[in-house]
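Data first, discussion second: the structure below is written as structure tokens.
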Amino acid sequence: MDLVGACRAFVSVSERGSFTVGAAAARMSQPVASRRIAALEERFGEQLFERTSRRAVLTPFGRDMLPAARQLVLAADVLEHEAEAAKRKPWRLAVPGICSTVDLARLVADARGHGVTLELRVGPPPRRLELIHSQQVRAALLPVPPDEATWSVPLGLAAAQDPGVTRVYLDTLRIGRADPGPPRRIWIQPEDDVPHVRDPLTRLRDAVGLRPAQLVVAADLTTAAAEVLCSCDLLLCSPAQARELALSWRPIGEIALTRGYALTGAAAGDPQHIQARLGDAIARCLGAEEAVA
């Protein structure tokens, strides 16, 4: 038996003195209200209303039960209100700055389709980690090594002009003393200034004989992209970023570099249901193929 529904019918009918009017006020039909009250009487083993009167008149037992029934209906209404408020409460998520505005908008829209109100905080890896530690967000997409990643994004080198090759080898960027012009640089954006990306690339730079200044960490993506667009420099980025910037992207010849991401929750956050509902949407936002965890 729906105890709350039965008590709602009982309270509404008793307050209005009529089964018909009380049922309408409780947003149910008169037969439904009558069945629910009858079920309540059967459960209690006592009548709540006198059946001989044209009006719905409470029995002594009904008068005794009415205050408790009102409390139950009120508590159920409060519970439903709190549940709706909790569902509308924004779910704060820290995301990388590499995601385009349109991709972030689609992620928020997809979340609404799943009944989740996302509130995004965009920032580089250190800022996202800080937001998690200070519990300003409930979860963050943090960089992790590829073998720990839920989502993986391939990295390569992009240039303003088509390089005319299928892969870019770093040893082709080595210059001699007699070579004219400045050496070509590889720009690393803040999102990739993490050990599992930066360190292998630095070791490769040294192994093939490039100058230290040929590997540069940019202050932001805009600065790095501007340098690439007005020179022969290269940008370390994903294929999706290269398309957005109208650059020609190629994988690196000597090594395979990958951005890895995992959804990490704060102490008060549980990201598992977000990952289950929005895993594909997050993959699209990152420009990733969803990996097997």
I need the [X] [atom1] to [Y] [atom2] distance, nearest 0.5 Å.
| X | Y | atom1 | atom2 | value |
| --- | --- | --- | --- | --- |
| E191 | L155 | CD | CG | 9.5 Å |
| S100 | R243 | OG | CZ | 10.5 Å |
| L58 | R63 | CG | CZ | 7.0 Å |
| L93 | R121 | CG | CZ | 10.5 Å |

Self-check item: Contacts of type side-chain contact (heavy atoms from CB on, under 4.5 Å), residue T264, not counting sequence neighbours
Solution: L142
Please answer: with hydrophobic residues joined when any side-chain heavy atoms are less than 4.5 Å apart, are [X] and [Y] in the same cluster?
| X | Y | answer |
| --- | --- | --- |
| L107 | L141 | yes |
| I37 | F44 | yes |
| L40 | V11 | yes |

Quiz prompt | Check: S12/R8 side-chain N/O donor and acceptor closer than 3.5 Å | solution = no
Quiz item: When you check the side-chain N and O atoms of E130 and Q136, is any donor under 3.5 Å from an acceptor?
Solution: no
Self-check item: Where P195 and P200 come nearest, the two heavy atoms and their spacing
Solution: O-CD, 3.3 Å
Quiz item: Would E119 and R138 satisfy salt bridge (charged side-chain N to carboxylate O under 4.0 Å, His left out), going step by step from the backbone distance to the final call?
Solution: CA-CA 10 Å; E119 189 174 294; R138 295 175 68 176; over 6 Å; no
Exercise. List the steps, then state whether salt bridge (charged side-chain N to carboxylate O under 4.0 Å, His left out) holds for R250 with D162.
Key: CA-CA 9 Å; R250 297 292 186 275; D162 190 329; 2.9 Å; yes
